[in-house]
Amino acid sequence: MRIPGSDSMLVFSTSDKGGTGRSVTSCNIAYRLCLRGHDVAYVDFDFGSPTAGALFEIGRVERGTTEGLGMHSYLSDVVGEPARLNVDRATDRLDLRRNPPGAGKLVLFPGDEGGAEFGCDDAMVERAAMLLSSLLGEFSVVMVDLSAGRSVALEIALRATVTDMLRQIRHRWLVFHRWTHQHVLAAGGLVHGDHGLIKTGEFWGHDGPRLLASTRCVRTAVPESEHKDEDSADHDDRAPLDVWLDEQAIMLRQLATKHRVGAARVLGQTPIEPMLQWREQLILDVDVDAQLANEATVEAYTNLARRLTNKATWDIE
Ligand SMILES: Nc1ncnc2c1ncn2[C@@H]1O[C@H](COP(=O)(O)OP(=O)(O)OP(=O)(O)O)[C@@H](O)[C@H]1O
Ligand SMILES: [Mg+2]
């Protein structure tokens with residue numbers, strides 16, 4: 001049993017809107033962390049739409065567990081111990097069963113199928129804190145996918161992290177958003193707005209500046225022109241769409257800065273991945289080898305995993 005301490009990390013995945021790529025990106029980051037040797041727990045706190053089972057291709061919990069042992073049941077005090085599934089043993093995807101030497105373990109704590117949003121009380125916060133605290137004894141990274149928006153899941157997470165059990169633990173808050181005008185506004189609102197992450201956190205006893213320093217945005221499915229060097233672009237020779245995309249990218253960057261979710265607050269971004277436009281899943285190295293997925297996508301997930309666990313990323317300690 002590990003002692004929860006300086007190298008354990010709690011990571012909460014949030015987003016203002018639904019369908020941002022929060023779960024797909026979080027699962028892929030968890031998988032990349034595991035390949036880098038971390039023992040990772042993936043906890044599904046998306047009470048309305050627990051999709052992690054599908055992403056790890058565990059057919060029997062594709063939309064959450066049906067046995068009444070998921071997170072919903074645990075937090076509601078229906079069961080004492082939640083279900084847990086070792087991804088490499090439970091997955092239906094053969095390539096996910098063969099982890100390379102040196103990889104850590106990856107364990108899913110699924111949600112309940114059909115579980116809906118519920119109210120949050122002190123007992124629920126206490127149970128969440130107890131679970132996360134015990135997982136931090138076993139795993140170096142505990143990733144928690146929260147329901148979208150200013151949800152009960154977000155409130156439970158904010159309240160649990162100021163309990164005595166978790167107060168000393170490093171916690172990180174990732175805000176996922178698409179790279180569009182509305183999504184940038186939404187992400188800015190979720191971080192800085194009334195009833196957003198920082199204000200709600202302060203209400204429950206967090207230190208606002210410290211919570212903000214623990215928060216980063218992840219831009220998902222960013223169109224390719226974002227990755228080009230715009231200075232070298234000769235506007236006359238380029239297709240109208242490329243010129244337009246670059247103009248949008250500049251405007252979006254300005255908008256993000258204005259709403260305080262600009263570059264300094266960004267952990268990283270993912271490119272548009274055709275495979276993910278068709279199917280929610282982990283992108284494995286074999287998918288790149290088979291020329292089904294883009295190498296840039298795997299690089300983006302690896303980069304996010306590296307930046308997340310790199311102390312230099314965080315200006316806190
Ligand atoms: N880099 C990407 N390129 C293309 N499509 C992507 C990318 N990342 C995610 N997607 C797709 O976007 C859709 C939404 O992703 P996902 O389900 O992870 O979002 P979410 O924010 O967790 O949504 P929800 O609020 O419903 O839980 C999925 O179909 C997913 O495959
Ligand atoms: Mg999701």
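Throughout, numbering of the chain's residues begins at 1 and tracks the sequence. As a basis for the values below, the full set of heavy atoms in this structure was taken, side chains included, without hydrogen atoms, waters or symmetry mates. Note that the coordinates shown come from a computational prediction; the quantities given were computed from them, not determined experimentally. Read the numbers this way: they start at 1 and go in the same order the structure lists the ligands and their atoms.
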Out of all atoms in ligand 1, which are within 4.0 Å of some heavy atom of G19? Include the element for each. 14 (C), 19 (O), 20 (P), 21 (O), 23 (O), 24 (P), 25 (O), 26 (O)

Does some side-chain heavy atom of M143 sit less than 4.5 Å from a side-chain heavy atom of V141? yes

Of the choices Q281, Q277, R22, which has the non-hydrogen atom that lies closest to atom 20 (P) of ligand 1? R22

heavy-atom search around atom 17 (O) of ligand 1 in the protein gives V24 CG2, 4.3 Å

What residue and heavy atom of the protein are closest to atom 22 (O) of ligand 1, and at what distance? S23 OG, 2.8 Å

Quick one: which ligand 1 atoms are inside 4.0 Å of a heavy atom on G21? 9 (C), 14 (C), 15 (O), 16 (P), 18 (O), 19 (O), 20 (P), 21 (O)

Residue pair R159 / I156, side-chain heavy-atom distance below 4.5 Å: no

CD/Q269 to NE2/H177 distance, rounded to the nearest 0.5 angstrom? 9.5 Å

Check for me whether H177 has a heavy atom closer than 4.0 Å to any atom of ligand 1. no

Taking the basic N atoms (NZ, or NE/NH1/NH2) and the acidic carboxylate oxygens, is any pair closer than 4.0 Å for D285 and R32? yes

Value rounded to 0.5 Å, distance of OG in S8 from CD1 in I169: 5.5 Å

Inspect the surroundings of CG in D164 and state if more than 12 heavy atoms from other residues, nucleotides or ligands are less than 6.0 Å away. no

Are the side chains of Q281 and L276 in touch, meaning some heavy atoms are under 4.5 Å apart? yes

Which atoms of ligand 1 have any heavy atom of S49 under 4.0 Å away? 26 (O), 27 (O)

Distance filter under 4.0 Å to T270 heavy atoms, resulting ligand 1 atoms: 1 (N)

What atoms of ligand 1 come closer than 4.0 angstrom to any heavy atom of D46? 27 (O)

Straight-line distance of T66 OG1 to E113 CD, nearest 0.5 Å: 6.5 Å

Any idea which part of T20 is under 4.0 Å from ligand 1, heavy-atom wise: side chain, backbone, both or neither? both

Would you say D145 and S13 are linked by a side-chain donor-acceptor pair, where the criterion is simply a distance under 3.5 Å? no

Identity and distance of the protein heavy atom lying nearest atom 10 (N) of ligand 1: R178 NH2, 3.5 Å

Go through ligand 1 atom by atom and flag the ones less than 4.0 Å from a non-hydrogen atom of I272. 3 (N)

Pairing donors with acceptors under 3.5 angstrom, does anything connect the side chains of S140 and D39? no

Is ligand 1 less than 4.0 angstrom away from at least one heavy atom of P271? yes

Interfacing atoms of ligand 1 (cut-off 4.0 Å, heavy-atom, E273): 1 (N), 2 (C), 3 (N), 4 (C)

Whether over 12 other heavy atoms sit under 6.0 Å from R63 CZ: no

Distance filter < 2.8 Å from the Mg ion (ligand 2), protein N/O/S hits 1

Return the orientation label for the F12 and W173 ring planes: parallel under 30°, perpendicular over 60°, tilted otherwise. parallel

Please state which protein non-hydrogen atom is closest to atom 29 (O) of ligand 1 and give its distance, to 0.1 Å? E280 OE2, 2.7 Å

In the protein, which heavy atom is nearest to atom 8 (N) of ligand 1, and how far is it? L276 CD1, 3.9 Å

Side-chain H-bond candidate by donor/acceptor type, R307 with N310, under 3.5 Å: no

May I ask you to check whether over 12 heavy atoms, not counting those of Q277, lie within 6.0 Å of atom CD? yes

